Amino acid sequence: MALIQEEIKKRRTFAIISHPDAGKTTLTEKFLLFGGAIQTAGAVKNNKITKTAASDFMEIERQRGISVATSVMAFHYKERLINLLDTPGHRDFAEDTYRTLTAVDSVILVIDCVKGVEAQTERLMEVCRMRKTPVIIFVNKMDLEGQDAFDLLDELEEKLGIQVRPLSWPISGGQSFKGVYSLYEKQLRLFNPDKTKISKDVVSVEDIHSPELDEWVTDEHAQQLREDVELIEGVYEDWDAQPYLDGDLAPVFFGSAVNNFGIQEMLDTFIDIAPDPRPRETDVRQVDPEESAFTGFIFKIHANIDPRHRDRIAFMRVCSGTFRRNTFFNHTRLNKKLKFANPATFLAQDKSVVDEAWPGDVVGLYDTGSFKIGDTLTEGESMQFRGIPSFSPEIFKELVNKDPMKSKQLEKGIQQLTDEGVAQLFIRELGNRKIVGTVGELQFEVIQYRLEHEYGAKCEFQPKAYFKACWIVSENEEKLEEFKRIKGTEMVVDKDKNDVYLAPSKFLLDMEIGNYPELEFHFTSEFKTAQAS
Ligand code: G4P
């Protein structure tokens with residue numbers, strides 16, 4: 001096998017996603033413990049923001065900034081190199097999570113067995129479905145009195161819109177939780193509620209009908225497990241990895257992250273079945289990871305919060321070929337050659353300079369303002385990776401300059417912050433008015449704080465009562481121009497100069513969709529991956 005194929009086969013690049021509090025941070029930490037990347041529990045900083053105040057957010061960012069390694073955590077596990085990409089827990093940063101999902105090949109979704117499917121889980125899953133990302137579900141907190149496992153599976157199917165297939169099965173739950181039976185490895189794992197040790201009580205029970213099972217659990221639990229497994233085998237098709245890889249079926253595991261329980265089975269199965277780096281679409285063609293020419297794209301930009309160092313780190317996913325240090329690559333949007341003296345990788349929580357990186361890897365590139373989200377690097381070919389859409393924001397506000405002497409700083413600051421993906425910027429060309437769109441209120445505070453502290457500019461935001469941003473295209477130039485003229489101040493352009501209509505209400509939007517059949521109204525900036533809904 002060629003070296004590149006060997007390197008590709010080794011890699012698993014994924015993200016853990018969940019509704020806040022379901023256990024994402026805890027699970028991440030246990031994975032790192034298994035991978036030997038950290039030695040003690042408590043080493044992974046929780047990126048949870050409990051209070052919605054910019055100062056809290058900035059404090060967390062500052063702490064995280066010291067160790068940007070928390071954005072990507074690479075570790076070795078059984079001959080594999082695992083790249084685990086961190087996603088923000090706060091709902092207001094959902095768009096950041098969506099973008100991170102463009103850089104992974106699969107996802108582990110954590111569900112709280114007490115709360116079941118929660119609002120943010122549904123939205124995250126929508127993005128996975130849209131991209132056909134393979135998903136493994138981990139039902140967490142089995143040590144708490146939760147819902148019945150079969151009911152939970154039904155809820156998962158119904159609310160997440162995906163077929164599920166249990167690969168492990170809980171023996172009771174809550175106070176009487178006894179362990180899980182792995183339907184994949186035919187092993188019984190006994191629960192020992194201990195937060196400090198990794199449970200080693202693994203018993204191989206090939207046939208759960210054998211009396212062997214009764215030696216380990218009570219008659220009642222053994223009987224229940226036998227009945228449950230029989231039901232599972234009757235209801236669900238035999239396990240087949242293909243529908244999972246196609247994004248049509250999600251295997252389900254049960255456990256308790258905080259007690260290190262049920263995780264190793266999942267991790268072992270994960271490295272077995274999860275996809276290695278997959279091909280990716282560009283505007284001109286599909287790029288296969290095995291191609292010898294290097295390609296990659298930027299999916300996240302992490303600002304340096306320290307005002308003395310204005311540099312940022314752009315996170316790039318390698319899509320094909322080999323990335324090399326100190327080698328010129330083509331920044332396709334700017335058509336500019338760039339080379340990187342200190343590209344960083346994040347193995348075992350340490351940031352270190354890398355000489356080369358392979359498909360599936362994430363490399364941190366020091367940047368002084370050349371990059372924005374979605375930018376593509378190649379060895380010369382002109383292309384742009386697809387699938388990093390902007391979604392319609394939910395809150396819109398106009399940016400108002402509070403210090404006319406600092407308008408240049410404000411201009412530069414807002415451009416750079418929106419390049420990082422903190423928020424979306426829409427410009428009303430007449431009068432150069434700037435409308436900022438976000439998913440949550442917190443971003444406005446963060447923008448205001450950062451404009452002041454990093455750029456020395458003062459601003460204010462005036463709320464605008466828009467319902468949605470719609471990207472408008474049409475083959476009928478005349479109609480498009482007519483619509484733009486009639487809509488006047490409700491027409492703006494996004495950062496790439498696409499026409500966007502800021503609809504004041506659902507009623508008016510529906511009316512215009514009816515009035516202008518010649519126009520296409522889209523709710524994301526990229527129409528191939530998501531249809532207007
Ligand atoms: P998140 O990143 O998804 O937001 O969740 P996180 O891991 O921070 O977990 C949220 C809370 O749930 C934490 O408690 C954590 O200890 C707890 N937790 C995680 N896994 C389990 C589990 O298997 N069983 C039970 N009973 N609890 C679990 P906390 O009180 O918010 O924080 P901490 O003080 O314990 O760190």
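FYI, the numbering just counts along the sequence from 1. Just so you know, these numbers use all the heavy atoms, side chains as well, and skip hydrogens, waters and symmetry mates. Quick caveat: nothing in here was measured; it's all calculated off a predicted structure. Whatever order the structure lists ligands and atoms in, that order sets their numbers, starting from 1.
Using modelled atom types and a 3.5 Å distance limit, the side chains of Asp272 and Tyr184 yield a donor-acceptor pair.
Aromatic ring centres of Phe14 and Phe270: separated by under 6.0 Å.
Ligand 1 places these atoms under 4.0 Å from at least one heavy atom of Leu144: 26 (N). Which parts of ligand 1 touch Ser18 is read off a 4.0 Å heavy-atom cut-off, strictly below it: atoms 3 (O). Counting the atoms of ligand 1 from 1 in the order shown, those under 4.0 Å from a heavy atom of Thr26 are 6 (P), 7 (O), 9 (O), 15 (C), 19 (C). Under a 4.0 Å criterion applied to the non-hydrogen atoms of Pro20, ligand 1 contributes the atoms 4 (O).
Contact annotation for Leu27 and ligand 1: no heavy atom of the residue comes within less than 4.0 Å of the ligand. Counting heavy atoms under 4.0 Å from ligand 1, residue Val258 touches it through both backbone and side chain. At a 4.0 Å heavy-atom cut-off, ligand 1 touches Ser256 through backbone and side chain alike.
Ring geometry for Phe261 versus Phe177: interplanar angle over 60°, hence perpendicular rather than tilted (30 to 60°).
A search for side-chain hydrogen bond (donor to acceptor under 3.5 Å, both in side chains) contacts involving Asp494 returns Trp471, Asn498, not counting sequence neighbours. In this structure Tyr77 satisfies the side-chain hydrogen bond (donor to acceptor under 3.5 Å, both in side chains) test together with Gln264, Asp268, sequence neighbours excluded.
For the pair Asp214 and Arg226, the salt-bridge criterion is met [side-chain N within less than 4.0 Å of a carboxylate O].
Nearest-heavy-atom check against atom 5 (O) of ligand 1 across Cys113, Gly174, Gly23 picks out Gly23. Looking at His19, Lys24, Met142, Lys141, it is Lys141 that brings a heavy atom closest to atom 18 (N) of ligand 1.
Looking only at distances, no side-chain donor or acceptor of Ser176 sits under 3.5 Å from a matching main-chain atom of Ser172.
Residue contact check for ligand 1: Asn259 places no non-hydrogen atom closer than 4.0 Å to it.
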